[in-house]
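So the structure is just underneath, and the comments pick up after that.
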Amino acid sequence: HDPYFERFDAASLTADDLALFPSYLVSLNDSDMDDGETAKLLGLLRSNLPMKVLVRTDDILAQASQGAGRFSFGAGALQLATMAVGAVGAYVLQSAGSHLYRMRDAIGKGMRFQGAALFSVYSGATPAGAGIPAYLSAAAAMQSRAFPAFTYDPEAGKAWATRFSVGDNPQSDAD
């Protein structure tokens, strides 16, 4: 897919493609977010406005320097999505980029969700992986559960067990 996406840009979208997008789509890269921006993002998710937010993570092993004011994912890449699950009412989906096609139904459900939704995606485009295709890095993160897939759908039932799903992970029934 790399040759296709190398020449893909905003002008490549058709009217039918654009109709699939929500009215408000915010796209962020986790490396550009500091603590204040993260707090604002969580406030937005709590607001229940029909905002859809895509947060792209390129390096799940990066460590921010102490006191840098940057929200560090580091080895705890799940932190933002986990905090967003606590933002009662927001739809949350986390997945590696290699797994997005498999999660297309859950992505569609999140896009149609009436309230706020967060899509946290690991791209696999890590600087440390020079020479390794981003798709393979993302797939390895999924297989190793370094960046597991999950969804939290507030409309899926009254109990947390029905709202939270890890079933799209490889060997999801194993510890």
Side-chain angles (χ1 to χ4, degrees), residues 1-13 17-18 20-22 24-35 37-38 40-42 44-45 51-65 68-85 87 90-111 113 116-153 165-172:
H1 299 85
D2 289 342
Y4 174 79
F5 284 109
E6 284 174 2
R7 31 179 217 279
F8 187 87
D9 61 13
S12 302
L13 297 172
D17 295 330
L18 292 172
L20 297 173
F21 284 88
Y24 300 99
L25 176 66
V26 178
S27 179
L28 304 167
N29 192 313
D30 77 321
S31 64
D32 298 330
M33 294 175 63
D34 62 20
D35 292 340
E37 290 169 334
T38 301
K40 289 176 186 175
L41 173 58
L42 291 172
L44 174 71
L45 294 173
M51 301 288 286
K52 309 307 178 208
V53 180
L54 169 65
V55 176
R56 176 182 150 171
T57 300
D58 292 331
D59 193 355
I60 58 174
L61 300 177
Q63 293 293 334
S65 61
R70 180 179 163 265
F71 182 71
S72 173
F73 283 88
L78 302 173
Q79 216 170 359
L80 178 64
T82 302
M83 286 191 296
V85 167
Y91 184 96
V92 180
L93 179 140
Q94 175 175 287
S95 179
S98 61
H99 207 64
L100 292 176
Y101 181 76
R102 182 172 178 177
M103 300 208 51
R104 66 191 177 277
D105 292 338
I107 293 169
K109 191 169 188 176
M111 296 296 270
F113 185 71
L118 171 69
F119 301 92
S120 177
V121 177
Y122 171 54
S123 71
T126 176
I132 300 172
Y135 184 87
L136 290 179
S137 294
M142 178 66 70
Q143 285 292 327
S144 67
R145 298 183 186 175
F147 201 87
F150 70 82
T151 57
Y152 176 77
D153 180 358
S165 172
V166 295
D168 287 307
N169 287 291
Q171 301 178 16
S172 62

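Just the heavy atoms: all of them, side chains too, but no hydrogens, waters or symmetry mates, feed the values below.
Counting only N and O atoms by type, the side chains of T151 and D153 include no donor and acceptor under 3.5 Å apart.
Not a single ring pair (Phe, Tyr, Trp, His ring centres under 6.0 Å) links Y101 to another residue, sequence neighbours left out.
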(request) Determine, stepwise, if the pair Y122 / S137 fulfils side-chain contact (heavy atoms from CB on, under 4.5 Å). (result) CA-CA 9 Å; Y122 171 54; S137 294; 4.1 Å; yes

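Rounding to the nearest 0.5 Å gives a distance of 9.5 Å between NE2 of H99 and OH of Y135. Rounded to the nearest 0.5 Å, atoms CD1 (I107) and NZ (K109) are 13.5 Å apart.
Of all non-hydrogen atoms in A138 and A96, the two that sit nearest each other are O-CB, 3.3 Å. Across D58 and N29, no two heavy atoms sit closer than the pair OD2-ND2, 3.0 Å. Across all non-hydrogen atoms, the minimal contact from M103 to D168 is CE-OD2, 3.6 Å. Nearest heavy atoms, V121 versus L54: CG2-CD1, 3.7 Å.
For the pair L41/V55, a side-chain contact is recorded, criterion being any heavy-atom separation below 4.5 Å from C-beta on. Put simply, the side chain of S12 does not reach to within 4.5 Å of the side chain of R7, judged on heavy atoms. For the pair V53/Y24, no side-chain contact is recorded, criterion being any heavy-atom separation below 4.5 Å from C-beta on. Counting heavy atoms from C-beta on, the side chains of S27 and R56 never come closer than 4.5 Å.
In this structure, the side chain of K52 does not engage the main chain of F119 through any donor-acceptor pair within 3.5 Å. Checked by atom type and distance alone, the side chain of Q94 never pairs as donor or acceptor with a backbone atom of F147 at under 3.5 Å.
Here the rule is side chain to side chain contact (heavy atoms under 4.5 Å, CB included) with L118, and of V85, L45, L93, L44 only L45 fits it.
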